[in-house]
Structures are given as C-alpha cells and as structure tokens.
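Everything on this sheet refers to the single structure shown next.
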Number of protein chains: 4
Amino acid sequence: MTNAGTSRRRSIGAQRNPESQQAILKAAEAILMEDGLAGFSIEAVARRAHAGKPTIYRWWPSRAALLLDVYHHQKHVERVPDTGSLETDIIAFLTALFGYWRDGNAGAIFRSVIAEAQTDVKATDALRAYVLDRFSQSAEFVRRAQARGEAADWVSPELAIELLAGFAWNRLLTSRLDDNPEELQRLARQISLGLKG
Amino acid sequence: MTNAGTSRRRSIGAQRNPESQQAILKAAEAILMEDGLAGFSIEAVARRAHAGKPTIYRWWPSRAALLLDVYHHQKHVERVPDTGSLETDIIAFLTALFGYWRDGNAGAIFRSVIAEAQTDVKATDALRAYVLDRFSQSAEFVRRAQARGEAADWVSPELAIELLAGFAWNRLLTSRLDDNPEELQRLARQISLGLKG
Amino acid sequence: MTNAGTSRRRSIGAQRNPESQQAILKAAEAILMEDGLAGFSIEAVARRAHAGKPTIYRWWPSRAALLLDVYHHQKHVERVPDTGSLETDIIAFLTALFGYWRDGNAGAIFRSVIAEAQTDVKATDALRAYVLDRFSQSAEFVRRAQARGEAADWVSPELAIELLAGFAWNRLLTSRLDDNPEELQRLARQISLGLKG
Amino acid sequence: MTNAGTSRRRSIGAQRNPESQQAILKAAEAILMEDGLAGFSIEAVARRAHAGKPTIYRWWPSRAALLLDVYHHQKHVERVPDTGSLETDIIAFLTALFGYWRDGNAGAIFRSVIAEAQTDVKATDALRAYVLDRFSQSAEFVRRAQARGEAADWVSPELAIELLAGFAWNRLLTSRLDDNPEELQRLARQISLGLKG
DNA sequence: CCCTAACCGAGACGGTACGTCGGGTCTTACA
DNA sequence: TGTAAGACCCGACGTACCGTCTCGGTTAGGG
C-alpha cells in the first residue's frame with residue numbers, strides 16, 4: 001500500500017490487482033455496516049472503492065457472490081469450545097456466537113447473506129454448503145462429550161449443533177441477540193438433560 | 001367478484017374496494033409462487049392485479065407490509081399437536097410445519113418475509129412480534145406435557161419451541177426441507193431425553 | 001414556468017408534461033452548443049434537464065430523434081428569397097443559409113444531425129425526408145424565375161436547389177462557412193449563365 | 001504474410017510491424033463494411049485484428065485517424081475525365097464518383113469519415129485539406145475546357161467542381177446514390193449552359 | 001555477444017454512457 | 001374520496017467501450 005489514497009489505482013498488467021480486490025471488499029463491508037443490505041449495491045460499492053463497476057463484475061458474478069466473499073473475509077470466531085463439560089460447552093458456544101454476531105459487523109453481514117440466499121439460488125447453495133461445513137466442525141465438542149461418556153452414543157452431534165445454531169439464527173434474524181446468561185443456562189440444561197429432565 | 005376480468009375495477013366511492021384488495025393479494029401471492037422474491041415488485045403486482053401503484057401504496061406502506069399480509073392470508077397449519085406423548089407431539093409439530101412449508105406456497109412466502117425483515121426494520125419488528133406470538137401458542141403442547149408430569153417443571157415451554165422452530169427455520173432458509181422421519185424421530189428423542197440420554 | 005428552478009418538476013398525471021419536454025430540448029440544445037456532438041449523450045441531457053433518462057426515452061426513441069427534434073425547434077431562416085432577379089435570388093439564398101448556420105447554433109446542430117444520419121438509419125430516413133421537403137420549398141424562387149421567363153423551361157428547379165444546397169453542405173461540413181461575397185457572386189453567375197457563359 | 005492465421009503475430013523488434021498494421025487496417029475496413037460506423041470501435045478492430053489496443057493507439061492517435069487511413073488505403077477512382085466535351089466530362093465525373101461510392105466500400109467509409117469530421121476537429125482539418133486537394137485536381141477537366149475555349153474565362157474551375165462535389169456529397173449523405181442517367185444529363189446541361197439556358 | 005529499447009498481444013484498470021427496470025410520488029379522469 | 005392509469009425524478013442494473021497501464025515475451029541493433 002505504497003500510495004494508498006494519494007494516487008489512482010492502476011492496472012498492473014493482464015492480471016487481477018489485489019489492491020482493487022481489497023478496496024472493493026473493504027468498501028462492501030463498510031457499506032454493509034453503515035447502511036445494511038438496503039444500501040448495498042454494486043454501484044455504491046464501486047463508488048466507495050473508487051473502482052469501476054466492470055472491475056467488480058469481472059471478479060464477482062453477482063451481488064450474492066460479493067456478499068459471501070465479504071462474509072468469508074471476516075475474522076471467524078472459535079466455535080469449538082472445550083470447557084470439559086457439555087453444559088458449559090453449550091453455553092460457551094452460544095455466548096461466543098452471539099458475541100461474534102453482536103459486537104462486530106459479522107452479524108449484519110451474515111443476516112445479509114441469509115437474506116440474499118432467499119433470492120439467489122447460487123447464494124442458497126453456497127450458504128447451505130457453508131453451514132453444513134460449519135456444523136460438522138462445531139459438532140466436535142459434542143463428539144468429545146460422547147468420547148468422555150458425557151453424551152449418549154445414539155445422539156447425532158450434527159443434529160445437536162443444528163439445534164443450537166437454529167436457535168441462534170432465529171435470534172439473529174429477529175434482532176434478539178441481547179445476551180441473557182440465565183436463559184442460555186436454562187437452554188443448555190434443557191438440551192443436555194432433555195425436557196424430561 | 002361480479003365482473004372480475006371482464007371489465008375494469010373502479011372506485012366504489014369513498015371507501016376501500018375489497019375487490020381490489022383481493023386482486024392485489026392474489027397477484028402478489030401468484031408472483032411470489034412463480035418467480036419468488038426476486039420477481040416480487042410493487043410494479044409487478046400492480047401490473048398483474050390491474051391496479052394502480054398508488055392504490056397499493058395507500059393500503060400497504062411498504063413491500064414488507066404487503067409481504068406479511070400475503071403470508072397472513074395463507075391457510076395456517078395447526079401447530080398445537082396433541083398426541084398424548086411429548087415425543088410424538090414434537091414429531092407431529094415438526095412434520096406438520098415442514099409439510100406446510102414444503103407443500104404449498106407458504107414456505108416460499110415465509111422465506112421472503114424473513115429475507116425482507118433483514119432489510120426493513122418495520123418488517124423485522126412485525127416478524128418478531130409474529131414469531132413470539134406463534135411461539136407462545138405452540139408452547140401449549142409443552143405446557144400440557146408439564147401438566148401431565150411428562151416434562152420437568154423447570155423447562156421453559158417457549159424456549160423449547162424456539163429450539164424446534166429455530167431448527168425448522170434453518171432447514172427452510174437453506175432449502176433442506178426434505179422430510180426425513182428417522183431424523184425427526186432422533187431429534188425428538190434428543191430433545192425429550194436430552195443429550196445425556 | 002411558475003416555479004422553474006425552485007422546485008422539482010413533477011408528474012401532471014397520466015400525460016406528457018410540456019415543462020419537461022421543453023427543459024429537455026433546451027438542455028439538449030445547450031449541450032450541443034457548448035460541447036458539440038461529442039458531449040451529447042442522453043445521460044448528459046437528463047442530468048442538465050434534471051430529468052430522468054426514462055422520461056427522455058419515453059418520448060424520443062433514440063439520440064437521433066432527439067437531435068432532429070432539437071433542430072426542428074430552431075428558428076428557421078427564410079429560404080425563398082424574392083429579389084426579382086434570379087442571380088440575386090441565388091446570392092440571397094446562399095447568404096441567408098450561410099448566415100443562419102454561422103451565426104446561431106443551427107449550424108452546429110445541423111452538422112450533428114447529418115453526422116448522426118451516417119450512423120442511424122432512421123436518422124438517415126428522417127434527414128432525407130426533411131431535405132427533400134426543404135428543397136421543394138426552396139425551389140419556389142427558381143420556379144418564379146421560370147414564370148418570369150428568366151430561367152429556361154427545361155431546367156429542374158429542385159435540381160438547381162440541390163446544387164446550391166450541396167455546395168452549402170460541403171462548406172458546412174468542412175468548416176468553411178466564412179462569407180465571401182465575391183465568391184458567392186461568381187457562383188451565382190456561373191449557375192445562372194452556365195459555365196459556357 | 002508467411003504465417004497469417006496460423007501463428008500469433010509477435011514483435012519484430014523495436015520497429016513497427018507491417019503485418020500488424022495491415023491486419024488492423026483490414027479489420028477496420030471489414031468492420032466498416034459489415035456494421036458501418038456504428039460498429040466501428042477501437043475495441044472491435046483490435047479484437048478482429050488480434051491486436052492489442054495499445055498497438056492501435058500507438059500508431060493512430062484517434063478513431064478519426066484510423067478512419068482516414070482506412071479511406072486513404074482504398075483504391076481511388078479516376079476523377080479527371082477527358083471525353084473532349086465539357087458536358088460529357090461532367091456526366092463522366094459524376095457517374096464515376098457515384099459508382100465508386102456505390103459499388104465498393106468507399107461510400108460507407110467516406111460517409112464515416114465525414115461523420116467523424118463533425119465530432120473531431122483534427123478530422124475536420126484533415127478532411128478539409130483532403131477535399132481541397134481533390135477539388136483542385138478534379139478541376140483540371142474544367143481548365144481543359146477553358147483552354148479549348150469551351151468554358152468562359154471568368155468561371156472558377158474549383159468552384160465548378162465544388163458544385164458538382166457538393167451535389168454528390170448530398171446524395172451520399174442522404175443515401176440517394178441510385179444512378180439516374182437522365183437526371184445527371186439534365187444536371188450537366190444545367191451546369192454547362194446555365195439556368196438561363 | 002550481451003543489453004537495452006521498443007515493439008507485440010493480452011487484458012485489467014477507473015470511468016462514462018448505454019437502454020431498462022423499479023421505487024415512491026403526483027395528477028388526471030372517472031365513478 | 002377511492003380507483004386505474006400513467007408520467008415524473010431518481011438510482012441501480014449489467015454491458016460495451018474508452019484510453020491508459022503493466023505484464024511477459026520477442027527481436028533488432030548498438031556497445
């Protein structure tokens with residue numbers, strides 16, 4: 001970034017200019033933070049990044065693609081807690097996820113990605129692939145609980161995670177991310193012990 | 001609907017014309033079914049309903065409002081199963097919900113409502129209010145289980161429903177509504193007995 | 001023009017707004033004067049007229065159509081001189097035409113129309129129709145000369161005018177409109193007496 | 001042209017590659033023939049010629065320059081008839097010019113040059129210089145008529161040619177090049193004998 | 001005989017304009 | 001006052017070219 005802001009970005013030959021790529025992603029993220037999905041247009045991103053629209057379309061075929069790329073460029077939270085106990089792992093998992101979504105831009109961006117996925121089929125596919133991958137990663141802590149003998153053998157770790165994630169998605173999508181430790185605790189207890197407690 | 005399609009709808013004086021209202025809702029629903037949220041625009045609805053755009057804006061302040069109204073005009077599924085057993089109630093609840101979303105237009109419409117709620121704050125509020133109401137209604141069958149002594153006193157019926165609903169939302173929003181009875185059964189067992197089984 | 005410049009132009013119902021039409025034509029003319037054909041774009045006209053592009057496309061199907069309309073809205077010169085003598089009529093005709101093109105915007109606009117007609121077939125057709133009409137009008141003074149017995153019966157008035165107009169076009173299109181009275185006089189003499197004089 | 005079409009053209013060192021030059025001119029001409037001025041863009045020429053855009057810009061500073069070069073590379077018609085009689089010389093001159101423009105690509109290309117000259121000042125200058133030169137060359141046959149005593153001494157040969165050329169331009173620019181021998185004959189008679197015939 | 005300079009094709013860059021679609025507002029003509 | 005209709009301004013869409021720039025490779029000619 002030798003001349004950032006001072007001079008125009010130029011072509012660096014018949015190859016992608018990483019400076020432009022970064023500028024576009026940063027601009028897209030900033031717009032998403034400030035104005036939300038409503039203000040997110042290729043036009044606006046190009047304007048803010050001082051990039052030409054064709055430059056964006058050259059590398060991202062659609063709004064959804066750019067959105068997903070922005071999301072993937074976010075710092076990711078650690079989603080595999082390891083507190084030694086299933087119940088506290090569950091609490092840690094949800095607390096971390098809620099915090100990640102609440103504190104930074106990740107929540108707003110992820111909401112946008114989900115919304116876009118309801119319109120754009122390619123975004124749906126990409127989102128599905130992404131979440132399935134995430135689920136199987138996060139399921140690790142449930143598997144560990146099973147290995148410890150803390151969880152029953154017949155439970156599906158992925159299904160358990162999906163339950164937690166679904167709960168979190170619902171809170172995210174209805175703007176109810178406020179942290180309520182008691183509630184999370186109760187939820188963790190319900191899940192680990194079951195309704196029949 | 002005396003002359004639907006044959007002659008132009010006109011004003012019926014200083015009051016809302018229910019024919020127009022119906023025509024607009026039907027057109028909106030049809031567009032949502034056929035083209036999804038992507039093709040859903042006030043312009044398109046007006047065109048299809050042979051209505052003027054101001055007529056729509058007069059009665060529905062925004063795209064989100066119309067969308068929600070369309071969703072509310074759908075036939076609703078019975079969400080309070082009563083099979084006599086908690087576990088089968090859970091299965092019945094999810095099976096009914098999945099079927100409702102999968103078989104008719106309700107799923108596509110609800111996806112659109114959720115997507116819209118990520119852009120439009122009023123839609124978010126409306127959606128939140130709607131789901132909280134639904135949750136407390138559906139929680140009835142968990143309360144009944146508690147009354148029967150089948151569920152522990154300390155569980156929160158609303159939280160339990162939220163878990164199930166969140167799971168269902170996730171499946172809906174990632175286009176994974178295919179019914180898998182075994183999976184649902186396992187899920188019901190996990191929830192009722194808990195991971196510690 | 002009750003509120004020109006002070007407030008936005010609005011729709012006046014389901015009909016063409018003449019204020020918009022005038023604003024667009026004025027803007028188009030101004031751009032043509034200031035920047036020539038090179039700066040003449042629908043985008044620029046819309047910007048300057050504070051009009052939407054669709055408003056322009058609604059009423060003028062193409063750049064060429066707008067250009068021709070601008071030309072037609074120019075004040076027209078009297079092209080049928082009547083000095084009583086063929087030779088001085090010819091001089092008057094050319095002098096008036098040169099002056100018309102040289103002094104106002106008409107020349108620049110007409111050059112643009114001709115240029116556009118080399119690209120756009122509809123503009124070619126419109127231009128041809130226009131010039132044929134003009135030629136037959138202007139031919140009147142030659143016909144009068146024939147009536148007076150000053151011109152031979154076998155001459156074609158239209159062909160004579162075409163000769164004069166072609167000469168003028170050539171001068172216009174190569175930026176040689178500077179008035180040279182002697183030259184025009186000689187030309188008039190050549191045409192009226194013939195090369196064999 | 002040892003390997004035209006089979007292998008890529010490369011640099012031949014620090015000097016202009018005549019193969020590239022030829023390929024560009026041929027491509028430009030072909031585009032002008034097939035799509036007219038509307039399809040004529042540097043981009044299209046480069047694509048068709050398998051040339052880099054900078055190669056074109058290196059040698060032709062503007063679209064107009066390339067256009068003029070294409071025109072100059074056309075075979076030129078003989079414009080100095082010598083039938084022994086002024087009247088038939090005029091007919092021969094116009095017949096040859098019309099045929100030249102009508103039969104090959106020269107007409108379309110010259111129309112493009114004229115159009116371009118209405119936008120680009122350098123093209124205007126080049127065109128003016130070109131036509132003045134042409135006029136003085138073509139004026140030769142009128143001078144010969146004067147020498148034979150067939151034309152009056154006071155007539156200006158250049159002005160006479162300009163009259164004929166202007167007539168031809170007008171026909172070219174309004175797509176009216178269809179040959180009409182009778183009309184040309186009448187025109188020749190009018191010019192040689194004068195309107196007062 | 002190597003080095004430098006200029007050329008070559010290729011294609012990315014920041015931009016402008018294209019012609020279209022939809023947004024939300026406004027007015028008319030009619031009931 | 002409500003309705004169908006449709007014009008208004010605005011702004012975004014995705015595409016085509018603009019003229020510039022850099023790249024990697026090539027070849028000729030001077031040192």
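In the text below, chain A, chain B and the rest are named by the order of the sequence lines, each starting its count at 1. This one's a predicted model, so the numbers in the text were calculated from it and none came from an experiment.
Listed nucleotides E/dT25, E/dG15, F/dC13 differ in distance to C/R10; the shortest reach to its side chain belongs to E/dT25. Candidate nucleotides E/dC8, F/dT22, F/dC9 were compared by shortest atom distance to the side chain of C/S20, and F/dC9 ranks first.
When the side chain to side chain contact (heavy atoms under 4.5 Å, CB included) test is applied to B/N105, the partners found at least two apart in sequence or on another chain are B/E29, B/M33, B/Q74, B/I109. Residues meeting the ring pair (Phe, Tyr, Trp, His ring centres under 6.0 Å) test with D/Y130, sequence neighbours left out: D/Y71, D/H72. Not counting sequence neighbours, the partners of B/R128 by the salt bridge (Lys or Arg N to Asp or Glu O under 4.0 Å) test are B/D125. Taking the side chain to side chain contact (heavy atoms under 4.5 Å, CB included) definition, one finds that A/A115 meets it with A/L37, B/A115, B/Q118, sequence neighbours left out. The side chain to side chain contact (heavy atoms under 4.5 Å, CB included) test applied to A/A117 returns A/A123, A/T124, A/L127, not counting sequence neighbours. Under the rule for a salt bridge (Lys or Arg N to Asp or Glu O under 4.0 Å), B/D69 has no partner lying at least two apart in sequence or in another chain. With sequence neighbours left out, the side-chain hydrogen bond (donor to acceptor under 3.5 Å, both in side chains) criterion links A/S62 to no other residue. A search for side chain to side chain contact (heavy atoms under 4.5 Å, CB included) contacts involving B/A51 returns B/R9, B/I24, B/A49, not counting sequence neighbours.
Here the CG atom belonging to C/L32 is positioned 13.0 Å from the CZ atom belonging to C/F110, to the nearest 0.5 angstrom.
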For nucleotides 5-7 of chain E, give me every protein contact, N/O to N/O, under 3.5 Å, one pair per line with atom names.
unit_1 : atom_1 : unit_2 : atom_2 : d
E/dC7  : O4'    : D/G13  : O      : 3.2
E/dC7  : O3'    : D/Q15  : O      : 3.2
E/dC7  : O2     : D/S11  : OG     : 2.7

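Side chain of A/R63 to main chain of A/F40: a donor-acceptor pair is present (N/O by atom type, distance under 3.5 Å, no hydrogens or angles).
Using a 4.0 Å cut-off on heavy atoms, the residues of residues 32-52 of chain D that approach DNA chain E are D/H50, D/A51, D/G52, listed by number. Applying a 4.0 Å cut-off to non-hydrogen atoms, none of the residues of residues 60-72 of chain A approaches DNA chain E.
When rounded to the nearest whole Å, the span between CG of C/D120 and P of E/dG19 equals 10 Å. In this structure, A/Y57 places its OH atom 17 Å from P of E/dA12, rounding to the nearest Å. At whole-Å resolution of the value, CD1 in A/I56 and C1' in E/dT16 are 15 Å apart.
The side chain to side chain donor-acceptor pair (under 3.5 Å) pairs that include a residue from residues 32-44 of chain B are B/E34-B/R48, B/E43-B/K53, where partners are two or more places apart or lie in different chains.
Residue-to-nucleotide contacts include no donor-acceptor pair under 3.5 Å from the side chain of B/K53 to the base of F/dG6.
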